[in-house]
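Read through the structure below, which is laid out as structure tokens, and then see the notes.
Nothing fancy with the numbering, it's 1 onward along the sequence.
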Amino acid sequence: MPANRPAIPSALDRRVRVEAGHRCAIPVCRVPVIEIAHIRPWAQVRRHEFENLIALCPTCHTLFDRGHIDRVSMLKYKANLSPFSPYALAAHPDHIDFLAAYQKFRVFIETWLTAALAFQEAEQRGSSTSELRRSFQAIGHAAKEASYARLCFCAVSPVGVGKLADQILNATMRNACKVVGRPVPTDFLDAGPVSDDLPVMWADLHHEIHEVVDKPARKTVKVMPTRPILVNDLVEKSG
């Protein structure tokens, strides 16, 4: 390692190792003695980022550095480590319901935030009352779907994953309320110190998901929780 290059932070190092199951990321290798490699060279990027780091054994690391394994191949090996890749789903078929529930939860959270931003833009444009009403109702619909998706996700998740999902839901409500200029419903106020840093929360949840899929699937009863009405304080009742 170059003398002037900072060490990879321990939390990031751990994420990369957990992602690969503490083995070389190349499927035909999987040696348990690993190093952390930059997919794009450090000299080009000058920073440590999860998306550009991969766990390799010393032999594969050397082969990659010498060009015997090309960068496109290494990017594909990195992509295959995602719990949502076809390769990972084939390797962990018992976790498909869990991963599908997570993906649905994430999609509706992102839809909720997108709807809030669309309402803010409509207000700034001076849109008509009817257009603003429709835009605001879209926020409420997305919020309800996200709340329901969170319940379904938690029903097939370990307790720790469920707590992170709750924190993301609450932070999304606070962010959405801030964007549209509405007070936050008391049900979405976390006790204790509050963080609304959604990228960090998603990174923590993604780390936990890797931990889950590296273990045998839990035996769960498939349930469809009653769709909750948790956002009436956000959605205005328009006549």
Worksheet item: Roughly how far apart are Ile96 CD1 and Gln103 CD, rounded to 0.5 Å?
Response: 10.5 Å

Worksheet item: Between the side chain of Lys78 and the main-chain N/O of Glu51, is any donor-acceptor distance below 3.5 Å?
Response: no

Item to complete: Report the distance from atom CZ of Arg134 to atom OG1 of Thr129, rounding to the nearest 0.5 Å.
Response: 10.5 Å

Worksheet item: Is there a chain of hydrophobic side chains (I, L, V, M, F, W, Y, each step under 4.5 Å between heavy atoms) that links Val200 to Leu205?
Response: no

Discussion item. Whether the side chain of Arg17 engages the backbone of His22 through a donor-acceptor N/O pair (distance < 3.5 Å, no angle test) should be reported.
Written reply: no

Worksheet item: Do the charged groups of Lys104 and Glu145 touch, with an N to O distance under 4.0 Å?
Response: no

Item to complete: Mind checking the CZ-CZ spacing from Phe153 to Arg106? Nearest 0.5 Å is all I need.
Response: 10.5 Å

Worksheet item: Do Ile69 and Ile26 have side chains that get closer than 4.5 Å, going by heavy atoms?
Response: yes

Worksheet item: Any donor-acceptor pair under 3.5 Å linking the side chain of Thr114 with the backbone of Glu110?
Response: yes

Item to complete: Look only at the side chain of Arg182 and the backbone of Val180, and say whether a donor-acceptor pair between them is shorter than 3.5 Å.
Response: yes

Practice prompt. Locate the shortest heavy-atom distance separating Pro183 from Cys177; write the atom from each residue and the value.
Written response: O-SG, 3.6 Å

Practice prompt. Count the heavy atoms of every other residue, nucleotide or ligand shown that sit under 6.0 Å from CZ of Arg125, and state whether that count exceeds 12.
Written response: yes

Discussion item. For a 4.5 angstrom cut-off between non-hydrogen side-chain atoms, does Val212 reach Ser157?
Written reply: no

Fill in: Beyond-backbone contact of Ser127 with Arg133, side-chain heavy atoms, under 4.5 angstrom
no

Worksheet item: Hey, any chance Val18 and Leu12 share a hydrophobic cluster, counting ILVMFWY side chains that come within less than 4.5 Å of each other, even indirectly?
Response: no

Worksheet item: Quick one: does Leu132's side chain get under 4.5 Å of Phe136's, heavy atoms only?
Response: no

Worksheet item: Do Arg174 and Val184 have side-chain heavy atoms sitting under 4.5 Å apart?
Response: yes

Response to the item:
Checking Val31, Leu63, Val33 against Cys57 for side chain to side chain contact (heavy atoms under 4.5 Å, CB included), the one that qualifies is Val31

Fill in: Heavy-atom closest contact (Ala55 atom, Ala20 atom, distance)
CB-CB, 3.8 Å

Worksheet item: Which atom pair, heavy atoms only, marks the closest approach of Phe98 to Val156?
Response: CD1-O, 3.5 Å

Practice prompt. Flag the pair Ile39 / Leu53 as yes when at least one side-chain heavy-atom distance between them is below 4.5 Å, and no otherwise.
Written response: no

Practice prompt. Find out if a path of hydrophobic residues (ILVMFWY) with successive side-chain heavy-atom gaps under 4.5 Å connects Val72 to Val28.
Written response: no

Discussion item. Rounded at 0.5 Å granularity, tell me how far NE2 in His61 sits from SG in Cys24.
Written reply: 10.5 Å

Discussion item. Working note: Ile54 + Leu81, criterion side-chain contact (heavy atoms from CB on, under 4.5 Å); need CA distance, chi angles, decisive distance, verdict.
Written reply: CA-CA 9 Å; Ile54 190 167; Leu81 294 173; 4.2 Å; yes

Practice prompt. Starting from the C-alpha separation in whole Å, work towards a yes-or-no answer on side-chain contact (heavy atoms from CB on, under 4.5 Å) for Phe105 and Leu151.
Written response: CA-CA 9 Å; Phe105 172 63; Leu151 282 181; over 6 Å; no

Worksheet entry | Interatomic distance, Asn170 atom CG to Met201 atom CE [nearest 0.5 angstrom] | 8.5 Å

Worksheet entry | His48 and His38 aromatic ring geometry - parallel, tilted or perpendicular at 30°/60° bounds | tilted

Fill in: Validation row: Tyr77, Leu56 side chains within 4.5 angstrom (heavy atoms)
no

Practice prompt. Check whether the side chains of Ser73 and Asp70 place a donor and an acceptor atom closer than 3.5 Å, and report yes or no.
Written response: yes

Practice prompt. Name the orientation class of the two ring planes belonging to Trp202 and Tyr102 (parallel below 30°, tilted from 30 to 60°, perpendicular beyond 60°).
Written response: perpendicular

Discussion item. Would you say that Ile168 contacts Leu198 through its side chain, given a criterion of any heavy-atom pair below 4.5 Å between the two side chains?
Written reply: yes

Fill in: Backbone N/O of Ala171 and side chain of Asn175: donor-acceptor pair under 3.5 Å
yes

Worksheet item: Under 3.5 Å, is there a donor-acceptor pair between the side chain of Ser135 and the main chain of Glu131?
Response: no

Item to complete: With Lys144 as the cation and Phe108 as the aromatic partner, state whether NZ or CZ is under 6.0 Å from the six-membered ring centre and within 45° of the axis.
Response: no

Worksheet item: Salt bridge between Glu19 and Arg15, side-chain N to carboxylate O under 4.0 Å?
Response: no

Fill in: Full working for side-chain contact (heavy atoms from CB on, under 4.5 Å) between Leu169 and Trp112
CA-CA 10 Å; Leu169 186 80; Trp112 184 359; 3.7 Å; yes

Discussion item. Run the side-chain contact (heavy atoms from CB on, under 4.5 Å) test on Val16 and Ile34 for me, step by step, so that the C-alpha distance in whole Å, both residues' side-chain angles and the decisive distance to 0.1 Å come before the verdict.
Written reply: CA-CA 10 Å; Val16 176; Ile34 54 175; over 6 Å; no

Discussion item. Distance check, rounded to the nearest 0.5 Å: Leu113 atom CG versus Met173 atom CE?
Written reply: 11.0 Å

